[in-house]
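Worksheet: the structure to be examined is printed underneath.
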Amino acid sequence: MTDTNNPTRQRKTISLTGRMLAGAAIGLMFMSFFLITAGAPNPEWGKLWMIRPIIVIAFAGALGGLCCHFLLNFRALVSMSKPMAIILSIIIFIVGLWMGTVLGLDGTMWD
């Protein structure tokens, strides 16, 4: 007979919302640092030009968190080891942040 309520045997998993919020927060911190250190903007860009990069990078970070969640929780379906899933999710997250940065800054800083 086994004890199913043993707290030491229960797995703690991070929820999908938590991973997406963490990814969005990382993206926001990255973009905020990048925009603060950028210097004076071009007057042709308008007054609220920073809103687009912030929204796009937050969305890209959230999608990176979504990919990380799916890779780590469903890695057994594709017979992938946990270290390989972690490395792949980090690579996907970094590429996603890079793409979000390019899309967010297109037309302003990267024209």
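In this text, all values refer to a predicted model and were calculated from it rather than measured experimentally.
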* Which heavy-atom pair separates A60 from G96 by the least distance, and what is that distance? -> CB-O, 3.5 Å
* **Shortest non-hydrogen contact between T108 and W45, atoms and distance** =>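 What the structure gives for the nearest pair is O-CZ2, 2.8 Å.
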* With a 4.5 Å limit on heavy-atom distance, are the side chains of F93 and C68 in contact? ->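 They are not in side-chain contact.
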* Please examine the side chains of D106 and R52, heavy atoms only from C-beta on, and report whether any two atoms are closer than 4.5 Å. =>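 When only atoms from C-beta onward are counted, D106 and R52 do touch, with a gap below 4.5 Å.
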* Asked: How many angstroms lie between atom CZ of R19 and atom OG of S89, to the nearest 0.5 angstrom?
  -> 8.0 Å
Output a table of donor-acceptor pairs, distance under 3.5 Å, between side-chain atoms of residues 24-36 and any protein atom two or more places apart or on a different chain; print 'none' if there are none.
unit_1	atom_1	unit_2	atom_2	d
S32	OG	L28	O	2.7

Under 4.5 Å between side-chain heavy atoms, chaining through other members, with only Ile, Leu, Val, Met, Phe, Trp and Tyr counted: pull out the rest of the cluster around [X], sorted by chain and number.
{"X": "L103", "result": "V56"}
{"X": "L48", "result": "I51, I55"}
{"X": "M80", "result": "L71, V78, M84, L88, I92"}

* To do: Could you list the residues that satisfy side chain to side chain contact (heavy atoms under 4.5 Å, CB included) with I86, not counting sequence neighbours?
  => L72, K82, I90
* Which residues pass the side chain to side chain contact (heavy atoms under 4.5 Å, CB included) test with L16, sequence neighbours left out? ->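 Testing L16 for side chain to side chain contact (heavy atoms under 4.5 Å, CB included), a comparison that skips the adjacent residues, returns M20, L66, H69.
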* To do: Just jot down the ring pair (Phe, Tyr, Trp, His ring centres under 6.0 Å) partners of F74, sequence neighbours excluded, or say none.
  =>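 Partners of F74 by the ring pair (Phe, Tyr, Trp, His ring centres under 6.0 Å) criterion, ordered by chain and then number, come out as F70.
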* Partner residues of W98 under the ring pair (Phe, Tyr, Trp, His ring centres under 6.0 Å) criterion, sequence neighbours left out ->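 Testing W98 for ring pair (Phe, Tyr, Trp, His ring centres under 6.0 Å), a comparison that skips the adjacent residues, returns none.
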